[in-house]
Amino acid sequence: MTGSTTTPFSAADHKARMERAARAAADAGLAGLLVAPGPDMVWLTGYTPTAVTERLTLLVLAPGQDPVLVVPTLEAPDAEHSVAGEALTLRDWTDGKDPYAVTAELLDGRGRYGISDNTWGMHVLGLQRTLPDSSYAALTDALPMLRAVKDAAEVELLAAAGAAADAAFEEIRKVTFAGRRESDLGRDLAALLRRFGHSQVDFTIVGSGPNGANPHHEVGDRVIQRGDMVVLDFGGLKDGYGSDTTRTVHVGEPTEEERRVHDIVCEAQEAGYQAVRPGVACQEVDRAARKVITDAGYGEYFIHRTGHGIGVTTHEPPYMIEGEELPLVPGMCFSVEPGIYLPGRFGVRIEDIVTVTEDGGRRLNNTGREMVTVD
């Protein structure tokens, strides 16, 4: 339907999420939540405007009040007929009217509100100008757990996305690498993700040889050569939920050093996975993986956090990083992806999505993590 996002969830599911979010806001001492188009709105309502423009669209959630969607009049029909439309009260505004004045009527003029991270600055400033005694906190800071804990249906959607990414890897390892450009392999990966059910491809990183030492290299015109280590990191959205996996392959037989570095990263990834269990601080997953790499003498070459959350976006809280003391909770889903990056030579990264269970963790990616050689 025009203006609505495909969602496997019902109006009742979205209504329950909005109610839970309003309660969480109250528990955090907030007057309510203000949510602009983006992943938070999709998760809460299943709706996104046909086109996100400078016109204000804002979901207002407050304890004890029905959810209200402030929406431009020309977008109101799509919003009304979206999956959660029956659970929303629409407050539309026409061009020429002040949308901030319309929104202000719904707010406590002295309240503190959580506001979605991707709300345009002009809209935050417009609200502050209209309600100078109001204040705002980024949703990630105010309610970091809002989307972090997935229900069983969400976990299974993430598992299905992970299985689709796994299928893409099993196919890509069969193709010829040597003599082709990284961009060629990137296109192959994107096509495979779509073949296995992804509606959106967010990234296809193909880092060959020295390019693999840059964790976010993506793809370039370098021709892959025999003897290259190649980092493959790819993912996107399937049925509204994300995939993200990394495997590092070798074109032809690896050297002893290349195999040793790969083995160290594989051991680190396993250590990070084994650290996953309820009640453990996020930073302990990072510490477990990082200790293996540091003890092996490569600590300075592990240059990023061990993991990030995943859900309706491929990167979201929680983060597996030193200093993050948030405890793991069953239903959290995140990557475990240690790496070693040797500048000018090669890199290795191995990544699975993991969900926290009642007594440990469950991998949502299940392709082999051992060294794979390709032609």
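Any value given below was found using the heavy atoms of this structure, including those in side chains, with hydrogens, waters and symmetry copies removed. Residue numbers start at 1 and run along the sequence shown.
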**OP:** Quick one: list whatever passes side chain to side chain contact (heavy atoms under 4.5 Å, CB included) with A281, sequence neighbours left out.
**Re:** Q283, E284
**OP:** May I ask you to decide whether E257 forms a salt bridge with R345, counting only side-chain N to carboxylate O separations under 4.0 Å?
**Re:** yes
Original post:
Can you check whether D375 reaches F177 side chain to side chain, under 4.5 Å on heavy atoms?
Top reply: no
Original post:
Do E182 and H217 get their side chains close enough for a donor-acceptor pair, meaning under 3.5 Å?
Top reply: yes
Subject >> Evaluation steps, side chain to side chain contact (heavy atoms under 4.5 Å, CB included), between T246 and I350 >> reply: CA-CA 5 Å; T246 308; I350 301 172; 6.0 Å; no
**OP:** Check step by step if side chain to side chain donor-acceptor pair (under 3.5 Å) holds for N365 and E351.
**Re:** CA-CA 8 Å; N365 292 106; E351 174 185 16; over 6 Å; no
Original post:
How far apart are the closest heavy atoms of L131 and S134, and which atoms are they?
Top reply: O-OG, 2.6 Å
**OP:** Find the distance between OG1 (T50) and CG (L74) and round it off to the nearest 0.5 Å.
**Re:** 8.5 Å
**OP:** For residues Y47 and H14, establish whether the separation of their ring centroids is below 6.0 Å.
**Re:** no
Original post:
Looking at R259 and E253, does any basic side-chain N land under 4.0 Å from a carboxylate oxygen?
Top reply: yes
Original post:
Can we say R195 and E170 salt-bridge, meaning some charged N sits less than 4.0 Å from an Asp/Glu carboxylate O?
Top reply: no
Original post:
Heavy-atom count around F203 CZ within 6.0 Å, excluding the residue itself: above 12?
Top reply: yes
Original post:
With a cut-off of under 6.0 Å to the ring centre and 45° to the axis, is R290 in cation-pi contact with F302?
Top reply: yes
Subject >> Trace of the side chain to side chain donor-acceptor pair (under 3.5 Å) decision for S243 with H198 >> reply: CA-CA 9 Å; S243 68; H198 281 63; 2.7 Å; yes
**OP:** In plain terms, say whether K150 and E316 are close enough for a salt bridge, that is, a side-chain N and a carboxylate O under 4.0 Å apart.
**Re:** yes
Subject >> D228 side chain vs V230 backbone, donor-acceptor pair below 3.5 Å >> reply: no
Subject >> Pairing of D263 and R260 as salt bridge, 4.0 angstrom limit >> reply: no
Subject >> Interatomic spacing from CG in D352 to OG1 in T367 - rounded to 0.5 Å >> reply: 6.5 Å
Donor-acceptor pairs under 3.5 angstrom involving side-chain atoms of residues 55-71: please list them, not counting sequence neighbours.
from	atom 1	to	atom 2	distance (Å)
R55	NE	D95	OD1	3.0
R55	NH2	D95	OD2	2.8

**OP:** May I ask whether I353 and Y241 are part of the same hydrophobic cluster, defined by side-chain heavy atoms of I, L, V, M, F, W, Y residues being less than 4.5 angstrom apart, directly or through others?
**Re:** yes
Subject >> Check ion pair E337-R305 (N to O, under 4.0 angstrom) >> reply: no
Original post:
Would M18 and L143 show up in the same hydrophobic cluster when neighbours are defined by side-chain heavy atoms closer than 4.5 Å?
Top reply: yes
For residues 319-334, please give each side-chain donor-acceptor pair under 3.5 Å, one per line with the distance, not counting sequence neighbours.
from	atom 1	to	atom 2	distance (Å)
E322	OE1	R287	NE	2.9
E322	OE2	R287	NE	3.4
E322	OE2	R287	NH2	2.7
E324	OE2	L326	N	2.9

Original post:
Of the non-hydrogen atoms in R222 and G209, which two are nearest, and what is the gap between them?
Top reply: NH1-N, 4.1 Å
Original post:
Do the side-chain N and O atoms of D166 and N366 include a donor-acceptor pair separated by under 3.5 angstrom?
Top reply: no
Original post:
Do NZ/NE/NH1/NH2 and the carboxylate oxygens of D40 and R147 come within less than 4.0 Å?
Top reply: yes
Original post:
Given V206 and L232, is the side chain to side chain contact (heavy atoms under 4.5 Å, CB included) satisfied, shown in steps?
Top reply: CA-CA 5 Å; V206 181; L232 303 171; 4.0 Å; yes
**OP:** Can you see which heavy atom on V149 is nearest to which on M145, and at what distance?
**Re:** CG2-CE, 3.7 Å
Original post:
Looking at F9, is R17 sitting on its ring face, NZ or CZ under 6.0 Å from the six-membered ring centre and within 45 degrees of the normal?
Top reply: yes
